[in-house]
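Reading through the structure tokens given below for one structure.
Letters go in sequence order (proteins before strands), and every chain restarts at 1. In what follows, every heavy atom counts, from backbone to side chain, and hydrogens, waters and symmetry copies are set aside.
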There are 2 protein chains.
Amino acid sequence: MASNTEENYLKALFQITIESGSKIEAGTNEIAAHLGVKPATVNDMLKKLKAKKLIQYEKYGKSSLTKSGKKIAIEVVRKHRLWETFLFQKLAFSWDEVHVVAEQLEHIQSKKLIDKLDAFLDYPAFDPHGDTIPNAKGELAITVKKTLLEEKIGHQCKMIGVKDNSAAFLQYVNKLGLSINQTIKVISRQPFDDLIEIEVNKKINSISPKFAENIIIECKECMIK
Amino acid sequence: MASNTEENYLKALFQITIESGSKIEAGTNEIAAHLGVKPATVNDMLKKLKAKKLIQYEKYGKSSLTKSGKKIAIEVVRKHRLWETFLFQKLAFSWDEVHVVAEQLEHIQSKKLIDKLDAFLDYPAFDPHGDTIPNAKGELAITVKKTLLEEKIGHQCKMIGVKDNSAAFLQYVNKLGLSINQTIKVISRQPFDDLIEIEVNKKINSISPKFAENIIIECKECMIK
DNA sequence: TAATTTTGTTAGACAAATCTAACATATATA
DNA sequence: TATATATGTTAGATTTGTCTAACAAAATTA
């Protein structure tokens, strides 16, 4: 069984690599900065985690999770986010207070506890920060933030913000039926003038690339494990 | 701030001494047996806790809690019993499963969490084992188990069991209106024949010392802190 | 390519909590 | 009271997780 500290290293590695969606390995200094410890300390732990076959690591190289390391990391993330949801929904903690307490609660060892908590909260999909919660099987939908311009044709996504805050732009946003949390589907792209067809609330509209570039969306990237 | 381990030693000392209602100090071996560690380990910790002014202790002597040590111990007991109540009432854990998980949860450091949990559970007075839960001020009603013969005149207590299991005795118990959880008040004691007058459900009856000796009761001993 | 900077490693130290084995003191018993 | 038993202490070792300071390798830049 992994110690609290080991769990924290595995979680850090998971968040830096897999969940970031942007890289597959992490450097020693990077992990140290993420955890607020010294690189020397991380180095010792990397050797230990390698010996336990929880990470892949070679001297002077970068680190990544093995299958069993990833499993533990996802369990910790699941516990963290379920506890955050509990604190927020049931105990009326505010959005910004839940994290520090969940940092402690995530290390409580009891499979039964966490599965019962999951049921008590009615199997939530998102924590109070909007991050996805892994299910009991350890499956986790990874979402990535980007602009609507970058979304692929045929994909669905969720609007989570705007880049431009001018009145003109926001009025246009409104007119198209767009708002925070609104689901958007990209239908097509015209080769001739680059206009993008989107579907919002079953209505189809065309928007310019310039407009699309100012809509921040979140889309499901992949399913982990 | 006390470490998890220090908290466990303080809690053990509290339970052995103050909460037991029977003694005011604990020996090194006794503490070791209670915690499942070796006396040598306890000895080291006693020195440390003394240095932190959390206990009173002299070489080759017995140990007891100081005011600040007691405060911490009661907070840990409060957390333990509130978490047990949460697991039992909200997550449908069974009576005998709650303890081991609460042993972990009792060390979570967040005053806000425990006070909100208390409110969420509607300020319970007892945990699933029937033990009293200290309130937010650190006050705790201590109950002591003894026989009805030992109860003082004028005091109220609660029947929690019997010593004799013969049919004759149990029928007599029934006839007097006694049962588990029944409140009993000791009215008087006759100097002439030692008979004891008790009040049960507003009816007064006389019982013999032999009878009283076979009724196990729980009574509020005092209010701690 | 050579020098500099960034990144990673090693060695040695420390604190916390535990152990075992040997020793010391206190209490009980013959 | 002398011995035996129970209780408590000490010294030295171990594990875990951390540090600092010195060193080594890799990457970047002039």
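- Nucleic acid contact for A:V42: none, since no nucleic acid atom lies under 4.0 Å from a heavy atom of the residue.
- Per the geometry, CG belonging to A:L49 stands 13 Å off C1' belonging to D:dT16, to the nearest Å.
- The side chain of B:K47 has D:dT10 as its nearest neighbour among D:dC19, C:dT18, D:dT10.
- Proximity of B:Y57 to the phosphate of D:dT9: a side-chain N or O atom is located under 4.0 Å from OP1 or OP2.
- Between A:K38 and C:dG8 there is no side-chain polar atom (N or O) within less than 4.0 angstrom of OP1 or OP2.
- Nearest nucleotide to the B:N43 side chain, out of C:dT9, C:dC19, D:dT9: D:dT9.
- A tilted orientation is assigned to the rings of B:H99 and B:H80, their planes being inclined by 30° to 60°.
- Under a cutoff of 6.0 Å and an axis angle of 45°, B:K210 and B:Y172 do not form a cation-pi pair.
- Distance, B:L35 CG to C:dC19 C1': 15 Å, rounded to whole Å.
- In this structure, B:K62 atom NZ and C:dT27 atom C1' are separated by 10 Å, rounded to whole Å.
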Listing, residues 28-40 of chain A side-chain donor-acceptor contacts under 3.5 Å, not counting sequence neighbours, or none:
| unit_1 | atom_1 | unit_2 | atom_2 | d |
| --- | --- | --- | --- | --- |
| A:E30 | OE1 | A:G27 | N | 3.2 |
| A:E30 | OE2 | A:K23 | NZ | 2.4 |

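- Checking C:dT9, D:dC19, C:dT18 against every side-chain atom of A:D44, the shortest atom distance belongs to D:dC19.
- Put simply, CD on B:E58 is 15 Å from C1' on C:dT25, counting in whole angstrom units.
- Atom-to-atom, CE of A:M1 to C1' of D:dT16 comes out at 17 Å; the value is rounded to the nearest Å.
- Between A:N29 and C:dG8 there is a side-chain polar atom (N or O) within less than 4.0 angstrom of OP1 or OP2.
- With rounding to whole Å, A:K52 atom NZ is found 10 Å from D:dT16 atom C1'.
- Residue B:K59 places at least one side-chain N or O under 4.0 Å from the OP1 or OP2 atom of D:dT10.
- Between D:dT9 and B:T28, a contact under 4.0 Å exists linking OP1 or OP2 to a side-chain N or O.
- A perpendicular orientation is assigned to the rings of A:F120 and B:F86, their planes being inclined by more than 60° (bins at 30° and 60°).
- Donor-acceptor pairing under 3.5 Å is recorded for the side chains of B:H107 and B:N8.
- Atom NE2 in B:H34 sits roughly 15 Å away from atom P in D:dG8 (whole-Å rounding).
- OP1 or OP2 of D:dT18 sits under 4.0 Å from a side-chain N or O of A:Y9.
- Remark: P of D:dG8 and CG of B:L46 are 10 Å apart, rounded to the nearest angstrom.
- Of the side-chain N and O atoms in B:T41, one or more sit less than 4.0 angstrom from OP1 or OP2 of C:dC19.
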